[in-house]
Amino acid sequence: MNSYTFFNRDLSWLTFNERVLMEAENTEIPLMERIRFLSIYSSNLDEFYRVRMPVLMSVDVNDDRQGMHNTYTNAQYVINVQQERFGRLLQNQIIPALAARHITLIYKQEIPEEIKQAVSDVFFNNILGYLRLYQVDRQSFFAENNKLYQAVVLENKAGKEQMEFIAIPSSQLPRFYSFNTETQQFIVFLEDIICTHSAYLFPDQKITGIYQVKITRDAELHLDEGTDEENIVQFEHLLKQRDLGPATRFLIQPEIPLRYIYTMASMLKLSRAAIIQGGFYHHLRDLDSIPVKQEMFSYPKLSPVRAVFLRPSETLFDLINQKDQLVNVPYQQYDPILRFFNEAAHDSFTEEIYVTLYRVAAQSRIVTALITAAQNGKKVTVMVELKARFDEANNLKWATEMKAAGVRILYSNAALKVHAKVALVRRRINGGQQYLGLLATGNLNESTAKFYTDHVLMTARQPMLIELQQLFGYLRKKKKRPALEDQITFNKLLVAGFNLLPGFITLIDREIAYAQAGREASLIIKMNNLEERVLISKLYEASQAGVKIQLIIRSICCLIPGIKGQSENITVTRIVGRYLEHGRLFLFQDAGRQELFMGSSDWMNRNIYSRIEVCFPVEDPDLKAELITLLNLQLKDNVQAVRLNARMEQIRVDGNGQHHSQEEIYQFLKTGST
């Protein structure tokens with residue numbers, strides 16, 4: 001293998017979060033949407049500290065073979081620069097823009113006289129009963145993960161200094177309170193209301209300082225490969241322990257005297273946490289809950305269009321038997337996916353239903369249909385992924401309910417996640433067996449389908465679905481890894497752990513062979529993340545052979561584009577807009593025949609080597625043409641798209657006219673015309 005170069009995965013991820021920040025700076029989008037992007041940025045950064053920083057911090061500086069300690073240092077620098085940018089944007093653009101519309105966000109300032117009485121009423125009537133005070137030297141105090149605290153420095157009558165903490169109840173109460181006068185709306189932070197009334201909480205002591213702090217802890221569930229996750233009690237215990245992990249970040253407001261920082265770090269046992277100076281307020285992922293309701297502040301509403309058209313006497317299953325059906329969410333209605341499961345629950349020909357569930361909606365109508373199916377006498381088998389990060393408790397709740405209703409529940413083991421998004425219905429018709437399948441790029445989750453762009457294929461193509469049935473047969477064995485006796489010959493599906501990696505390499509090699517023969521050769525790949533070096537190296541090899549490669553990568557991208565002799569034929573586009581780009585599409589030119597795959601798999605190490613993923617061909621020519629049009633619309637985007645260069649910079653795309661891919665995709669799916 002040639003000596004290729006790659007971007008660092010963590011620094012690349014931070015550039016994605018910078019791209020989110022760029023959208024918050026975009027004055028062309030409505031004000032509340034800009035605020036929402038600030039909220040997304042803050043939420044993403046919290047997750048980075050909960051998940052990635054523990055990995056970077058655990059490196060032994062004296063045995064750092066992969067340069068992770070250097071990554072930690074660089075990441076800290078990048079985050080600090082972005083945080084300063086965040087603060088400037090909020091104070092110099094967002095708050096003045098609100099003020100211009102008679103909305104005052106009280107930010108690092110006194111509460112105005114005209115609302116003081118109303119604020120006081122809210123404190124005593126609605127907030128006071130939720131407050132918990134902790135004097136660390138008198139009682140055991142553990143600062144909870146990602147919770148807000150005020151550190152209060154007190155001086156008693158003898159002049160002795162001490163420190164107490166107030167837990168800010170932002171998970172129980174609104175983070176922002178709105179107070180209206182005849183001409184103005186005032187919005188006040190919860191912690192400012194508490195701070196203003198702190199003298200009531202400490203009546204016999206002098207308050208010499210109040211400081212906002214927050215602790216972020218390692219959120220990984222460190223499961224041993226031998227963990228038996230069917231022991232639900234044990235898994236619930238692991239979930240409860242999640243927020244008790246070691247601290248990775250001690251976030252403080254500016255201008256805290258150094259002696260207080262050291263005092264707090266010692267009192268709260270934060271010796272290994274990175275001390276980060278943030279803004280005056282923390283937990284700004286709550287910004288999207290600011291009580292501003294004017295329609296002009298939000299994106300114009302786009303009503304999802306119909307994707308599937310049925311006559312009154314026709315069932316969805318009848319239609320799927322006639323022709324493959326495709327739904328592109330959130331542009332198109334999610335109803336056909338719900339109907340797929342509803343019909344399966346009551347269809348007299350259906351005998352068995354198999355489903356993989358990775359992230360389940362809090363109020364899941366799909367799970368409700370599966371429970372109904374089991375109660376109607378269908379054999380229902382559901383593979384529930386308990387290790388879907390931050391959705392474990394919700395998945396466990398639904399798994400327990402389904403099991404009580406007679407659904408057979410399978411849990412993947414700790415070593416191998418099931419990330420595939422597939423469902424299979426086995427029907428008995430005229431003494432014969434028939435399969436109907438649903439295969440998707442995103443979770444079977446009607447909530448996230450409102451703002452994640454994904455593609456869902458419903459098909460009756462038996463060769464593909466027979467392979468899917470074989471995969472479910474393997475999943476029933478609940479093995480840690482496919483063994484020799486488990487090998488399945490997949491001719492249609494690409495399945496991680498079996499043939500996905502060699503399958504994609506073969507497809508790229510075919511384009512390389514065309515290029516070397518002087519024929520047209522190209523590929524377009526859209527994914528969330530690109531990290532796995534074997535596949536990236538194969539893309540570099542294809543570029544060197546003259547294959548034109550266009551990548552649409554939303555987040556992590558370890559491939560470096562535009563390097564002479566390595567990747568000069570590769571472009572990388574990143575799109576951030578009102579919807580989260582989530583679909584995975586793989587288009588290979590194949591000498592003009594254009595072979596297209598969809599699926600659940602990014603090209604990350606975890607997806608390729610530690611998960612069950614399913615990618616599948618789109619064989620219907622009309623649906624293939626539709627998806628290729630969507631890809632081309634995204635490649636033309638010069639509004640939401642940026643291009644990555646070899647220095648990991650994000651360059652705005654130039655072009656004639658305004659090509660806003662998400663708006664144009666909606667119009668295309670609505671009218672059938674670009």
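These values consider heavy atoms only, across backbone and side chains, with no hydrogens, waters or symmetry-generated copies. Please read these numbers as outputs of a predicted model, since none were measured by experiment.
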(request) Evaluate the criterion side chain to side chain donor-acceptor pair (under 3.5 Å) for residue pair D324 and T459; output intermediate values, then yes/no. (result) CA-CA 5 Å; D324 289 353; T459 183; 2.8 Å; yes

(request) Check the pair R85 / E25 against salt bridge (Lys or Arg N to Asp or Glu O under 4.0 Å), numbers first and verdict last. (result) CA-CA 10 Å; R85 185 173 171 182; E25 294 169 332; 2.8 Å; yes

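Across all non-hydrogen atoms, the minimal contact from T350 to D347 is OG1-OD2, 2.6 Å. The shortest non-hydrogen separation linking I556 to M604 is CD1-CE, 4.0 Å. Heavy atoms only, all atoms of each residue included: F7 and A646 are closest at CE2-O, 3.5 Å. Of all heavy-atom pairs spanning P304 and Q332, the tightest one is CB-C, 3.7 Å. Minimum interatomic distance between A542 and I549 (heavy atoms only, all atoms of both residues): CB-CD1, 3.9 Å. Here the closest heavy-atom approach between residue I290 and residue M32 is recorded as O-CE, 4.1 Å.
Judged purely by distance below 3.5 Å, without hydrogens or angles, the side chains of Q469 and E352 never pair a donor atom with an acceptor atom. Residues Q93 and R34 bring a donor and an acceptor atom of their side chains to less than 3.5 Å of each other. Side-chain contact of K548 with N569: a donor-acceptor pair under 3.5 Å is absent, judged by distance alone. No side-chain N or O of K624 forms a donor-acceptor pair with one of Q594 less than 3.5 Å apart. A side-chain donor from one of D318 and T315 sits under 3.5 Å from a side-chain acceptor of the other. No donor-acceptor contact under 3.5 angstrom links the side chains of E385 and Y358, judged on distance only. Donor-acceptor pairing under 3.5 Å is lacking for the side chains of E541 and Y4. Side-chain atoms of T441 and D454 include a donor-acceptor pair closer than 3.5 Å. Neither side chain, S39 nor R285, offers a donor N or O lying under 3.5 Å from an acceptor on the other. A donor-acceptor pair shorter than 3.5 Å can be found between the side chains of Q662 and E581.
Just one residue in the list V355, L338, T356 forms a side chain to side chain contact (heavy atoms under 4.5 Å, CB included) with L444, and that residue is V355. When the options R554, Q634, R584 are evaluated for a side chain to side chain contact (heavy atoms under 4.5 Å, CB included) with K526, the one that passes is Q634.
A salt bridge is absent between D335 and R306; no separation between the charged side-chain nitrogens and carboxylate oxygens falls under 4.0 Å. For R461 and E619, the salt-bridge test passes: some basic side-chain N is under 4.0 Å from an acidic carboxylate O.
From L38, atom CG reaches atom CZ of F86 across 4.5 Å, with rounding to the nearest 0.5 Å. Residue Q667 holds its CD atom at 9.5 Å from OG of S673, rounded to the nearest 0.5 Å. The structure places OG of S298 at 9.0 Å from CZ of R578, a figure rounded to the nearest 0.5 Å. Put simply, CD1 on I536 and CD1 on I560 are 9.0 Å apart, with the number rounded to the nearest 0.5 Å.
Judged as a ring pair (Phe, Tyr, Trp, His ring centres under 6.0 Å), the pairs with a partner in residues 571-600 (not counting sequence neighbours) are, in order, Y331-Y579, Y452-H582, F504-F586, F586-W603.
Under a cutoff of 6.0 Å and an axis angle of 45°, R426 and Y354 do not form a cation-pi pair. Cation-pi geometry between R533 and F6 is met: the NZ or CZ atom falls under 6.0 Å from the ring centre, inside 45° of the normal.
Within a 6.0 Å sphere centred on CD of Q363, other residues, nucleotides and ligands contribute 12 heavy atoms or fewer. More than 12 heavy atoms of other residues, nucleotides or ligands sit less than 6.0 Å from atom NZ of K323.
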Could you list the donor-acceptor pairs under 3.5 angstrom formed by side chains in residues 648-655, with sequence neighbours left out?
unit_1: E649; atom_1: OE1; unit_2: N645; atom_2: ND2; d: 2.7
unit_1: E649; atom_1: OE1; unit_2: R647; atom_2: NE; d: 3.2
unit_1: E649; atom_1: OE1; unit_2: R647; atom_2: NH2; d: 3.1
unit_1: Q650; atom_1: OE1; unit_2: R574; atom_2: NH1; d: 2.7
unit_1: Q650; atom_1: NE2; unit_2: T15; atom_2: O; d: 2.8
unit_1: Q650; atom_1: NE2; unit_2: E18; atom_2: OE1; d: 3.1
unit_1: R652; atom_1: NH1; unit_2: V639; atom_2: O; d: 3.3

